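Below is one structure, written out as C-alpha cells; the observations come after it.
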Amino acid sequence: MKTKIILVLLTLVVLTAVTARAQVMGPVLERHTLEIGITYKWYERDFESTYLGLENWSAGAIYFKFGACRWATFDFEGGISTVHHDDFPENDYRRYTIGGGITAKVYRGRWVELSLSGHYSEIFDHDRSDNQLHKNTRDIISALQIEKEFVIGEQWLMVWGGPAFVYDQSRQYPWGTSNPVRNETSNNFGFVIGANAVVFQRLDIFANVVYADAFQPRLGAGVQF
C-alpha cells in the first residue's frame with residue numbers, strides 16, 4: 001500500500017512540476033516489461049497571442065516504456081530530424097525531440113481500472129541558417145484514465161479514456177537574442193480516448209486522441225520484451 005501511495009504522489013509531482021511534445025500515453029505495462037517502438041502525433045492548438053493564433057504541427061519519436069512495478073510505468077522518448085517550416089522556407093531547421101512521463105495504476109476493480117498519467121515533452125528547432133530563428137515548443141498532458149480490458153483468444157485489448165489537462169507553450173527566438181517571444185494556450189481542459197492492442201503477445205499497436213481546442217490523433221507501435 002505504501003508503494004502505491006508513493007507512486008501516486010510521484011505522478012502528482014510530474015503533473016504539477018513540469019511546464020511543457022510527444023507523449024506515449026497508454027495503460028501500465030506488466031512488471032519488468034520493456035517496450036520499444038515509434039510513435040507519431042498531430043497537434044492543433046489555439047494560442048492566446050494574435051501573432052500565432054491557431055497553429056498545427058506534427059512530431060515523431062522513438063520511445064521506451066518500462067514497467068517498473070505492478071503499479072507504475074515510465075516512458076522516455078526522443079529523436080533528431082530535419083523539418084521544414086512553411087512560413088520560413090529559407091531557414092534550415094534541425095529538430096531535437098525529448099520527453100518523458102509516468103503512468104500509475106491507482107485502482108484495480110472487477111469491471112474497470114483507474115490510472116493517473118503525466119507526460120512532458122519538448123521540441124527544439126535549431127535554425128542552422130544565418131537567420132538564427134530558433135523555435136521551441138513545450139507540452140504537458142495530465143489525465144485520469146478509465147480503463148477496460150478485453151481478452152479475445154490470445155489477443156489483449158485495453159480501451160481507455162478520461163478527462164485531461166493539456167498545456168502547450170511556444171517560444172520563438174528573434175535573431176541575435178536569447179530572450180524568446182513566449183506564447184501559451186488557455187483552453188487547456190479536454191479529454192483523451194485511446195486503445196492499445198497487444199497481438200502475438202509482444203506487438204503493441206495503439207491509437208489515441210487528445211482533445212483540446214481540436215482533435216489531435218496519435219499513432220504508434222512497439223515490441224515488448
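Quantities reported herein were computed from a predicted structural model and do not represent experimental measurements. We number each residue from 1, following the sequence as shown. Any value given below was found using the heavy atoms of this structure, including those in side chains, with hydrogens, waters and symmetry copies removed.
Listed by chain and number, the residues in a ring-ring contact (aromatic ring centres under 6.0 Å, His included) with H32 amount to none (sequence neighbours excluded). For D92, the side-chain hydrogen bond (donor to acceptor under 3.5 Å, both in side chains) partners two or more places apart in sequence, or in a different chain, are R128. When the side-chain hydrogen bond (donor to acceptor under 3.5 Å, both in side chains) test is applied to D204, the partners found at least two apart in sequence or on another chain are N196. Qualifying ring-ring contact (aromatic ring centres under 6.0 Å, His included) partners for F64, counting only residues two or more places apart in sequence or in other chains: none. Residues satisfying the salt bridge (charged side-chain N to carboxylate O under 4.0 Å, His left out) test with D213, not counting sequence neighbours, are R45. With sequence neighbours excluded, no residue satisfies ring-ring contact (aromatic ring centres under 6.0 Å, His included) with F66. Looking at residues two or more places apart in sequence or on another chain, you find no ring-ring contact (aromatic ring centres under 6.0 Å, His included) involving F150.
Side chain to side chain, S117 and Q145 meet the donor-acceptor criterion of an N or O pair below 3.5 Å. A donor and an acceptor atom, one from each side chain of Q216 and E44, are nowhere located under 3.5 Å apart.
Annotation for D130: atom CG does not count as buried by contact number, only 12 or fewer foreign heavy atoms lying within 6.0 Å. Counted within 6.0 Å of CD1 on I38, heavy atoms from surrounding residues, nucleotides or ligands total 12 or fewer; the atom is thus considered open.
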>> Determine whether F165 and F189 satisfy the following criterion, ring pair (Phe, Tyr, Trp, His ring centres under 6.0 Å), listing intermediate values before the conclusion.
In response: CA-CA 5 Å; F165 177 83; F189 289 96; 5.3 Å; yes
> For F124 and R94, what are the C-alpha separation, side-chain angles and deciding distance, and is it a side-chain contact (heavy atoms from CB on, under 4.5 Å)?
Replying inline: CA-CA 8 Å; F124 183 74; R94 173 167 288 175; over 6 Å; no
>> Please evaluate residues T33 and R31 with respect to the criterion side-chain contact (heavy atoms from CB on, under 4.5 Å), reporting the C-alpha separation (whole Å), side-chain torsions for both, the decisive distance (0.1 Å), and the verdict.
In response: CA-CA 6 Å; T33 297; R31 181 172 177 264; over 6 Å; no
>> With salt bridge (charged side-chain N to carboxylate O under 4.0 Å, His left out) as the criterion, how do R70 and E30 come out once you've worked through the C-alpha distance, each side chain's angles and the decisive distance to 0.1 Å?
In response: CA-CA 6 Å; R70 292 180 61 239; E30 293 295 327; over 6 Å; no
>> The test is side-chain contact (heavy atoms from CB on, under 4.5 Å); show your working for R171 and V181 and say whether it passes.
In response: CA-CA 6 Å; R171 297 185 178 196; V181 177; over 6 Å; no
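One finds the OG1 atom of T97 at 7.5 Å from the CG atom of D125 (value rounded to the nearest 0.5 Å). Distance CD1/I141 to CG/N208: 8.0 Å, rounded to 0.5 Å. The CD atom of E122 sits 7.5 Å away from atom OG1 of T137, with the distance rounded to the nearest 0.5 Å. Atom OG of residue S142 and atom CG of residue L116 lie 9.0 Å apart, to the nearest 0.5 angstrom. Rounding to the nearest 0.5 angstrom, the gap separating the CZ atom in F76 from the CD1 atom in I62 is 15.5 Å. Separating the CG atom in D75 from the OG1 atom in T39 is a distance of 10.0 Å, to the nearest 0.5 Å.
Minimum heavy-atom separation, M25 to A143: CE-CB, 4.0 Å. Residue T185 comes nearest to E48 through the heavy atom pair C-CG, 4.5 Å, listed as atom of the first residue, atom of the second, then distance. A164 and V192 get closest at one heavy-atom pair: CB-CG1, 3.9 Å. Scanning all heavy atoms of the two residues, the minimum distance from W160 to A195 falls at NE1-N, 3.7 Å. Closest approach of A68 to F74, counting heavy atoms only: CB-CE1, 3.6 Å. Contact between L29 and E35 at its shortest, heavy atoms only, is CD2-OE1, 3.6 Å.
Side-chain contact between I80 and R95: absent, with no pair of heavy atoms (C-beta onward) separated by less than 4.5 Å. E147 has its side chain within reach of K105: a pair of non-hydrogen atoms, C-beta onward, lies under 4.5 Å apart. K148 is listed as a side-chain neighbour of W111, based on a closest heavy-atom distance under 4.5 Å. Put simply, the side chain of I36 does not reach to within 4.5 Å of the side chain of V223, judged on heavy atoms. For the pair I140 and R138, the minimum side-chain heavy-atom distance is 4.5 Å or more. Inter-residue side-chain proximity for L114 and I146 is flagged as met; some heavy-atom pair is nearer than 4.5 Å. A 4.5 Å side-chain heavy-atom check between V210 and R218 finds at least one atom pair inside the cut-off. The shortest distance between side-chain heavy atoms of K135 and Y173 does not fall below 4.5 Å.
No donor-acceptor distance shorter than 3.5 angstrom exists from the side chain of Y43 to the backbone of A59, with no hydrogens or angles considered. Without hydrogens or angle criteria, Q201 side chain to V198 main chain gives no donor-acceptor distance under 3.5 Å. Side-chain N or O atoms of Q132 include one that pairs as donor or acceptor with a backbone N or O of D127 at under 3.5 Å.
Ring pair H126/Y93: centre-to-centre distance not below 6.0 Å.
Applying the 4.5 Å side-chain rule to ILVMFWY residues, one finds W42, L219 in the same cluster as Y40. Other members of the cluster containing V209 are F191, I193, Y211, F215, with ILVMFWY side chains joined at under 4.5 Å, either directly or via other members.
Each salt bridge (charged side-chain N to carboxylate O under 4.0 Å, His left out) pair with one or both residues in residues 182-203, not counting sequence neighbours, would appear here, but there are none. Listed by first and then second residue, the salt bridge (charged side-chain N to carboxylate O under 4.0 Å, His left out) pairs involving residues 156-167 amount to none (not counting sequence neighbours).
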Using a 3.5 Å cut-off and no angle test, enumerate the donor-acceptor pairs between side-chain atoms of residues 151-158 and protein atoms at least two apart in sequence or in another chain.
| unit_1 | atom_1 | unit_2 | atom_2 | d |
| --- | --- | --- | --- | --- |
| Q155 | OE1 | F200 | N | 3.1 |
| W156 | NE1 | E149 | OE2 | 3.1 |

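Each of T103, I102, V24 was evaluated against H119; a single residue qualifies, T103, per the side-chain contact (heavy atoms from CB on, under 4.5 Å) test.
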